[in-house]
Number of protein chains: 2
Amino acid sequence: MKLQGAPRKSFRREGEDKRREDLIAATLECVAERGLAGATVREIALRADVTAGLIRYYFPTKDELIGAAYRAVMDRMTVQASDALKNAENDPRARLSAFVKANLGQPIMDPYNLSLWAGFIALVHADPAMAMAHRDGYLAFRDELEALIREALLAAEKPALPNHTRRHAIAINAIIDGLWLEGCLAGDIFADGELADTGITAIEAVLDISLKAEGGAT
Amino acid sequence: MKLQGAPRKSFRREGEDKRREDLIAATLECVAERGLAGATVREIALRADVTAGLIRYYFPTKDELIGAAYRAVMDRMTVQASDALKNAENDPRARLSAFVKANLGQPIMDPYNLSLWAGFIALVHADPAMAMAHRDGYLAFRDELEALIREALLAAEKPALPNHTRRHAIAINAIIDGLWLEGCLAGDIFADGELADTGITAIEAVLDISLKAEGGAT
DNA sequence: CGAGTATTTATACGCTTGCATAATTAGAGC
DNA sequence: GCTCTAATTATGCAAGCGTATAAATACTCG
């Protein structure tokens, strides 16, 4: 029984961009906290301080909202990693090192991000569109990495043949991804910065160059 | 209106173990094909050729079934990798190599497994019980790996201090996980065995030993 | 072969979900 | 300040969900 008829919710009209961003942010909150299953239209609307119907006004279907949210996560991580490069020194080896450190530290290496990422990855197998979106993101990341590797090798006066840099990019990408995973899942069992150090040491071994000094190999 | 009253489904009584296995297998099919969301009690029951009610007879709640399924996946991968060791030669370096190859080839490196794994990992953040289950699995895997590394180092007449082997285990675990991920997500853009080769080469570099020959380093 | 029981089916309930659509209202433009 | 429209709320629906529970049945043991 509803006493004194609830007054209709007051609202403000927001710009289209702002609303979309808010809805995506609310979606990510839901996914991170309670998994993909927790991201219901009603819960998302609640967090965005909006009624459920509005979601459909901006995203024809829930799946499209989810897809947009996934792209947002990937973009954010990519941007954060690239930002680290902007503020880095200009020695290629230092840049590669900074890139790795950025990916293996806050805010990228975070359980929150892993939850989001895993939830979406689980859909990749079932949804071809999302599969493509993911592959694009992966290849873009690896290409950026490969360029960094190439320059680092050249700076250390080592050959940088395409064959080799591709292989190195695959391996080093794996190191970064793998350590990122470990850190997200069980960050508390590692000392601060341990994973970044481990990653850099491993990468130095793979490339057979030092990323610290300005000298040559070893 | 239901014409000529459907005859009641005939059934056989199965052993408790068999039924549990069947239900878990059906669950995994669902998760792999349509994601965790696709694993509804009704769909699972359908695949197991059983009615939905029976699930509750063996698993008090759906979450318990999901948890059991997760453990089954991890166990299966662990067992498959260990099996590869049983059939391997007895030179420690060859054994480590075989272990890596097993993890980076069929049937472990498979989109099906990734879908399962990712779907579950997404829950880790929200469900402490599953988080613990995962951590146990991870540490067990890493310990097994660390033991292999230790013996490989000793066989190559290299020191194998705990500090170092731990670090190496972390790094090499990352290499395996990362390449496994890459392969599951985009196996078709790699040549056959390329990822396994890449992994072994990277591991050789990290440990500074050869995993092929019987000689010493390099 | 007959009785008893553990296993399985069948049915139903209460909730939540995504989506549709009608009613309302904030804010821009004249 | 009025009007018009696009943005937003409110309400409802049909489907699917997990779970509970009663009825039926296959198998075991004597």
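Residue numbers start from 1 in every chain, and the chains themselves are labelled A, B, ... in the order their sequence lines are given, proteins ahead of strands.
- The interatomic distance linking B:Phe11 (CZ) with D:dT25 (P) rounds to 8 Å, in whole Å.
- Applying the 6.0 Å contact sphere to CG of B:Asp192 captures no more than 12 heavy atoms from other residues, nucleotides or ligands.
- For A:Arg13, whose side chain is taken as the heavy atoms from C-beta onward, the closest listed nucleotide among C:dT8, C:dT9, D:dT5 is D:dT5.
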* **Verdict with supporting geometry, B:Phe59 and B:Ile24, side chain to side chain contact (heavy atoms under 4.5 Å, CB included)** => CA-CA 10 Å; B:Phe59 299 92; B:Ile24 288 176; 4.3 Å; yes
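- Counting any heavy atom pair closer than 4.0 Å across all strands shown, B:Glu16 reaches no nucleic acid atom.
- Distance from the side chain of B:Lys9 is smallest to C:dA10 among C:dA10, C:dT8, D:dA6.
- With hydrogens and angles ignored, a donor-acceptor pair under 3.5 angstrom links the side chain of B:Arg8 to the base of C:dT9.
- A salt bridge does not link B:Asp17 to B:Arg20: none of the charged nitrogens lies less than 4.0 Å from a carboxylate oxygen.
- Phosphate proximity of D:dT19 to B:Thr61: present, with a side-chain N or O under 4.0 Å from OP1 or OP2.
- The environment of CZ in A:Arg150 is sparse: at most 12 heavy-atom neighbours from other residues, nucleotides or ligands sit within 6.0 Å.
- The phosphate of D:dT25 (OP1 or OP2) has no side-chain N or O of B:Arg12 nearer than 4.0 angstrom.
- Rounded to an integer number of Å, the gap from CD1 of B:Ile55 to P of D:dG18 is 8 Å.
- If you check the side chains of A:Ser82 and A:Glu144, you find a donor sitting under 3.5 Å from an acceptor.
- Taking 4.0 angstrom as the limit, B:Tyr58 places a side-chain polar atom (N or O) nearer than this to OP1 or OP2 of C:dT8.
- Proximity of B:Tyr57 to the phosphate of C:dT8: no side-chain N or O atom is located under 4.0 Å from OP1 or OP2.
- In this structure, B:Asp49 places its CG atom where only 12 or fewer heavy-atom neighbours from other residues, nucleotides or ligands lie under 6.0 Å away.
- Side chain of B:Arg56, nearest nucleotide from D:dT21, D:dT9, D:dA23: D:dT21.
- Residues from residues 27-45 of chain A that place a heavy atom under 4.0 Å from any atom of DNA chain C, listed by number: A:Ala39, A:Thr40, A:Val41, A:Arg42.
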